[in-house]
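Read through the structure below, which is laid out as structure tokens, and then see the notes.
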Amino acid sequence: MSDYIIETRNLTKKYGNQASVSELNIHVRKGRIYGLLGRNGAGKTTTMRMLLGLTVPTSGEVRIFGNPIQGNEKKILPRIGSLIESPGFYPNLTATENLKIFAKLRGLDNENYIKRALELVNLPYRDKKLFSQYSLGMKQRLAIALAVMHDPAVLILDEPINGLDPIGIAEMRSFIRELCDVKGKTILISSHILSEISLLADDIGIIDHGKLLEEESLAELEQKNRHYIHFTVSDSRQAAHLLETVFQTRTFKIRDKNNIQLMEMNLPVASITRCFVENGLEVSEAHLCEETLEDYFKKVTGGEGIA
Amino acid sequence: MLNLIAGEFAKLKRKKIVPFIVLLSLLFPLLVVYSSKMGMGNDTSVEFLKGRFDLSYTMMLGYGLVFLEPCLLGILASMLFFMERDNDTFKNLCVIPVTTSRLIAAKLSAVLIYGIFYTLCNFTFMTFFTWILNAGIIYDIGFKLAFSFIFGIGITIATLPVIVFIIYFNKSYLISTLLSFFYAILNWSVLSIVEINLSLVKIINLFPTLCLMNWSSKKMLDRMADRHLLPEAYLLFPSDIWAFVVLGITLVLSLLLMLNFYKKWTR
């Protein structure tokens with residue numbers, strides 16, 4: 001059996017001639033949070049819909065718990081909780097009444113399931129407020145409650161922080177983290193907000209124009225982040241020569257006539273600056289630079305960035 | 001399946017259609033019994049008074065149920081079928097998983113139960129008003145109650161074509177309501193045309209609603225105290241087999257089409 005809880009193999013969805021998702025291969029490991037990151041329209045929702053069998057793939061395969069989803073829906077789907085796109089509930093019913101309908105269909109006759117799910121997302125049990133009177137944030141919380149109500153092993157959450165206020169986002173983040181760390185859930189979460197994914201996910205998949213561009217753990221990605229010291233000097237060639245001869249390093253990059261980037265972080269900036277000045281160079285700028293995840297994603301996605 | 005059907009009823013909570021159904025099933029029998037009472041005259045014979053009760057009952061079936069109930073059930077069906085589309089809840093059901101065919105079966109079961117409920121309410125209130133207004137002698141209750149039950153099933157099946165159109169057009173509630181009324185008007189129009197030109201009598205029983213109406217009339221006639229029908233009227237009555245075949249074809253064809261259309265727009 002595969003090590004992955006969720007796995008796609010060359011998953012493709014075409015609408016007419018246009019590929020919404022193309023040859024996608026994602027791998028979600030057990031007990032980890034996988035963040036599917038991509039801009040709006042990148043194919044995140046289509047991918048998630050295919051994972052849940054809501055959309056039939058044009059080609060390729062989805063495997064969950066080691067089995068193909070197609071033909072095994074009855075076995076696999078009850079072990080998954082999901083939130084896809086906007087929260088869908090009956091507006092004329094209260095939160096409890098809404099959850100009751102779905103709980104019964106899932107065979108959960110005990111109302112404690114509903115009570116516990118609502119408590120988890122800080123919504124009142126047996127409240128008289130109708131779903132139509134809920135704010136977007138409350139609706140989103142209710143959708144999360146529905147996703148976790150039956151205590152699934154896997155959660156597939158499409159943009160779960162949509163509509164939440166900053167405090168709600170932080171709460172949701174720690175709630176999702178807790179589900180993974182304490183309860184051992186495997187979570188696939190999609191977002192177009194880079195900061196959210198970087199704060200939450202253990203593994204990241206970057207999707208753009210329906211294609212998976214990168215799939216790595218956050219730790220690996222962070223290791224790839226470049227740190228360097230940027231100097232703005234009167235002559236970058238002379239500065240390069242000094243770095244080679246005095247500091248015995250070749251890990252630098254001349255950007256232009258006045259700018260040079262030193263990749264080696266162990267060298268003392270103050271000594272380098274003093275050396276440059278003593279050798280007749282004018283140093284107008286010297287600072288530590290870090291290529292952020294966003295810069296990295298911009299690079300990966302061809303310069304368009306994420307959010 | 002029972003949970004699915006119960007869910008369909010739960011989804012209608014706080015919707016005005018349910019009190020509307022009860023209100024209509026209360027008002028229409030009142031109207032029918034009142035008009036029957038108005039035409040009573042001075043005859044107080046048992047046969048005549050039984051005949052008045054039969055008249056109220058047949059008027060209830062003929063006008064209240066044959067023409068009004070398909071409208072009502074059409075509106076109810078549009079609410080039930082559009083609910084998942086309008087509230088984006090279909091995905092929540094699919095991931096349980098609930099299949100389209102089971103969902104359709106649950107929705108139609110709910111429509112059927114409401115259909116029977118409405119029919120029985122009509123009968124109950126009609127009997128009650130007959131007693132209150134002293135508009136005839138109440139008799140043969142068991143048969144009429146059982147027949148109302150069967151009629152409720154029949155009229156729900158006869159309403160299925162309009163539900164097929166509602167799903168096919170997949171438009172607003174207004175369009176669905178108009179479609180339901182159009183279906184009722186169509187039945188009326190066919191009936192009117194046949195009344196003018198009796199040579200067309202054979203086509204009338206191809207229409208499920210009219211076929212059911214005529215079949216019911218035939219069944220009722222055997223039980224009625226008062227039998228004053230023109231000989232031409234007997235031409236209208238379909239055989240039992242014909243009625244079952246027409247309703248059977250309506251049921252099967254409608255279910256297949258519904259499944260096809262509903263799957264198409266929920267895909």
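Throughout, a chain's letter reflects where its sequence line sits, starting with A, and its residues are numbered from 1.
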Within the supplied structure, the quantity of interest is the number of heavy atoms (other residues, nucleotides, ligands) at a distance under 6.0 Å from [X] [atom1]; does it exceed 12?
X: A:Q133; atom1: CD; value: yes
X: B:F181; atom1: CZ; value: no
X: B:F143; atom1: CZ; value: yes
X: A:F131; atom1: CZ; value: yes
X: B:F9; atom1: CZ; value: yes
X: A:K100; atom1: NZ; value: no
X: B:F28; atom1: CZ; value: yes

Between A:L83, A:I76, A:L130, A:T55, which residue shows the highest count of heavy-atom pairs closer than 4.5 Å to chain B?
->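 Counting heavy-atom pairs under 4.5 Å, the top option is A:L130.
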Looking at A:L146, A:L52, A:L105, which has the largest count of heavy-atom pairs under 4.5 Å with chain B?
->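 Maximum pair count with chain B is reached by A:L105.
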Return the minimal non-hydrogen interatomic distance between B:C94 and A:L77, and the atom names on each side.
->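 Scanning both residues, the minimum pair turns out to be O-CD1, 3.6 Å.
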Which heavy atom of A:L93 sits nearest a heavy atom of B:A10, and at what distance?
->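 Looks like CD2-O, 3.4 Å.
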Looking at side-chain heavy atoms only, is the closest gap between B:N87 and A:P91 below 4.5 Å?
-> yes
Looking at side-chain heavy atoms only, is the closest gap between A:S86 and B:K91 below 4.5 Å?
-> yes
What part of A:S132 is in contact with chain B, defined as an atom under 4.5 angstrom from a non-hydrogen atom: side chain, backbone, both or neither?
->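 A:S132 has no heavy atom closer than 4.5 Å to chain B.
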Non-hydrogen atoms of chain B under 4.5 Å away: do they reach the side chain of A:I101, the backbone, both or neither?
-> side chain
Hey, could you give me the CG/CZ distance between B:D88 and A:F89, rounded to the nearest 0.5 Å?
->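 Taking CG in B:D88 and CZ in A:F89, the distance rounds to 10.5 Å.
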What distance separates A:K104 NZ from B:L2 CG, expressed to the nearest 0.5 Å?
->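 That separation rounds to 10.0 Å.
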side-chain contact (heavy atoms from CB on, under 4.5 Å) between A:R106 and B:N3: does it pass, once the steps are laid out?
-> CA-CA 9 Å; A:R106 286 197 182 274; B:N3 281 336; over 6 Å; no
Out of B:K15, B:E84, B:K13, B:R14, which one pairs with A:Y90 under the side-chain hydrogen bond (donor to acceptor under 3.5 Å, both in side chains) rule?
->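 It is B:E84, the one option of B:K15, B:E84, B:K13, B:R14 that forms the side-chain hydrogen bond (donor to acceptor under 3.5 Å, both in side chains) with A:Y90.
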Ignoring hydrogens and angles, tell me if any N or O in the side chain of B:N92 forms a donor-acceptor pair with the backbone of A:G88 under 3.5 Å.
->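 Yes, because the side chain of B:N92 sits within donor-acceptor range (under 3.5 Å) of the backbone of A:G88.
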With no hydrogens and no angle check, is any side-chain donor or acceptor of A:N92 less than 3.5 Å from a backbone partner on B:K11?
-> yes
